[in-house]
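All values derive from a computational prediction rather than experimental measurement. Chain identifiers are assigned alphabetically (A, B, ...) following the order of the sequence lines, protein sequences preceding nucleic acid strands; residue numbering begins at 1 within each chain. Scope of the values below: all heavy atoms of this structure, side chains included, with no hydrogens, waters or symmetry mates.
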Amino acid sequence: MPELPEVETVRQGLADVLEGQRLVAVSARRPDLRFPIPADFQSRITGRRVASVGRRAKFLLIRLDGDLVLLSHLGMSGSFRIFSGEAPPLQPHDHIELQTGAGVTVRYHDPRRFGFVDLSAAEDTSVHPMLAKLGPEPLEANFTGRYLASQLRGRATSVKAAILDQRVVAGMGNIYACESLFRAGISPRRTAATVVGKRAEALVSAIRDVLAQAIGAGGSSLRDHRQPSGELGYFQHRFAVYGCAGQPCPGCTCDLASSGGVRRIVQAGRSTFYCAKRQR
DNA sequence: CCTTCTCCCTGCAAGC
DNA sequence: TGCTTGCAGGGAGAAG
């Protein structure tokens, strides 16, 4: 499910119901997700008040009173749902449940269990092993064309693989990497080191634009992903290339036969979608 | 260091 | 219908 826009949507939904509230009941219904759930998870967070719900890359950071941060990553199939009042029966793969003093239930659901939770002391969160090497947030001011070009310099891999590297830019995933490259008119197969100057500026702009627009649309709902409220995101209807193999490229005015349409290739084991005519 | 490959896990769709 | 196969939004760790 989740790339940066989806995680940001989840963050907003959780912030609405958790911030300022005390966690009056906590349960972990199995001992592990991708990694073991900390043994003292329940006892350490029960009774604490949520100060804020933040995000770094694709990680949620639920800051609790008393110098403690609950870190959460949704992996491929993780989702949070919020229920006010009486919650419906637990479903398979509902792994973690939080209840607030205001009677709200928050459930973490994750069929594939590639997600995880961890606890971190607040002053150590930025050096947590999962967060320490992350690159800049793509929507913040320090993510610039000059910075991106400096990171891609000397790299022989494809630009698409490079922007999926969380050390280069934090929070990019497969969908928005494809969509960003399409918008920038850059082939995903292009050698990373050749993305310099105006090309790098164009790519940074495209990344910022597509992520901001996706957040504005409530993220993308593929498969069963929803916002925590249960509402669907709708940015998936605006994909230009992702999942559109064989369809006409929305940027080409010529017919399908002469443009070739949207192609699917595999790079570093992940599907890439692009238009070979419009992206160079 | 850089890059690619494999694996973790379940569910779904497509193909036979 | 039922089985097999491939694929899926992520990322760690090993291997080259």
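Rounded to a whole Å, the CD1 atom of A:Ile215 is 19 Å from the P atom of C:dG9. Distance CZ (A:Phe239) to C1' (C:dG9): 9 Å, rounded to an integer number of Å. As a whole-Å value, the separation of A:Asp118 CG from C:dG10 P is 21 Å. Between A:Ile175 atom CD1 and C:dA8 atom C1' the separation is 10 Å, expressed in whole Å. Distance CZ (A:Arg153) to C1' (B:dC1): 17 Å, rounded to an integer number of Å. Following rounding to the nearest Å, A:Phe35 (CZ) and C:dG10 (P) show an atom-to-atom distance of 15 Å. Rounded to whole Å, atom C1' of C:dA8 lies 16 Å from atom CG of A:Leu74. What separates CG of A:Leu222 from P of C:dG10 is a distance of 11 Å, to the nearest Å.
Here A:Ala156 lies in heavy-atom contact (under 4.0 Å) with sugar-phosphate atoms only. The residue A:Tyr242 sits close only to the backbone: its heavy atoms come under 4.0 Å of sugar-phosphate atoms, none of a base. Using a 4.0 Å heavy-atom distance criterion, A:Gly269 is classed as making no nucleic acid contact.
Residue pairs meeting the salt bridge (Lys or Arg N to Asp or Glu O under 4.0 Å) criterion with at least one partner in residues 38-61 of chain A, sequence neighbours excluded, are A:Glu8-A:Arg55, A:Asp40-A:Arg44, A:Arg49-A:Asp65, A:Arg55-A:Glu137, A:Arg56-A:Glu137. Within the structure, the ring pair (Phe, Tyr, Trp, His ring centres under 6.0 Å) test picks out the following pairs touching residues 239-262 of chain A (sequence neighbours left out): A:Phe239-A:Tyr242, A:Tyr242-A:Phe273. Every pair passing ring pair (Phe, Tyr, Trp, His ring centres under 6.0 Å) that includes a residue from residues 61-92 of chain A is listed here, sequence neighbours excluded: A:Phe59-A:His73, A:His73-A:Phe116, A:Phe80-A:Tyr108. Evaluation of the side-chain hydrogen bond (donor to acceptor under 3.5 Å, both in side chains) test over residues 184-195 of chain A, restricted to residues two or more places apart or in two chains, returns A:Arg189-A:Tyr274, A:Arg190-A:Thr194.
With sequence neighbours excluded, no residue forms a salt bridge (charged side-chain N to carboxylate O under 4.0 Å, His left out) with A:Asp118. With sequence neighbours left out, A:Arg183 forms a salt bridge (charged side-chain N to carboxylate O under 4.0 Å, His left out) with no residue at all. With sequence neighbours excluded, the residues satisfying salt bridge (charged side-chain N to carboxylate O under 4.0 Å, His left out) with A:Asp32 are A:Arg30.
Looking at A:Gln247, its side chain never comes within 3.5 Å of a backbone N or O of A:Gly261 through a donor-acceptor pair.
The side chain of A:Glu3 approaches C:dG10 more closely than any other nucleotide in the set B:dC2, C:dG11, C:dG10.
Checking the phosphate oxygens (OP1, OP2) of C:dG10, no side-chain nitrogen or oxygen of A:His73 falls inside 4.0 Å. Between A:Thr157 and the phosphate of B:dC2, there is no side-chain N or O to OP1/OP2 separation shorter than 4.0 Å. Applying the 4.0 Å criterion to OP1 and OP2 of B:dT3, one finds that A:Arg167 has every side-chain N and O outside that range. A close approach under 4.0 Å does occur between a side-chain nitrogen or oxygen of A:Lys58 and OP1 or OP2 of C:dG10. One finds no side-chain N or O of A:Gln166 lying less than 4.0 angstrom from the OP1 or OP2 phosphate oxygen of C:dG10. Contact check, A:Arg270 against C:dG10: a side-chain N or O comes under 4.0 Å of OP1 or OP2.
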(request) Give DNA chain C the dot-bracket treatment, 5' to 3': Watson-Crick (N1-N3 with N6-O4 or O6-N4) or G-U (N1-O2, O6-N3) under 3.5 Å, [ ] crossing, | other strand. (result) .|||||||.|||||||
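Within 6.0 Å of atom CD in A:Gln213, more than 12 heavy atoms from other residues, nucleotides or ligands are found, so the atom counts as buried in its surroundings.
As rounded to the nearest Å, B:dC9 and C:dC3 have P atoms that lie 23 Å from one another. Nucleotides C:dG6 and B:dT6 have their P atoms positioned 13 Å apart, rounded to a whole Å.
Side-chain contact between A:Lys160 and A:Asn174 is present, with at least one heavy-atom pair separated by less than 4.5 Å.
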(request) For nucleotides 7-13 of chain B, just jot down a letter per nucleotide in 5' to 3' order: B, S or -, based on protein non-hydrogen atoms under 4.0 Å. (result) -BBBS--
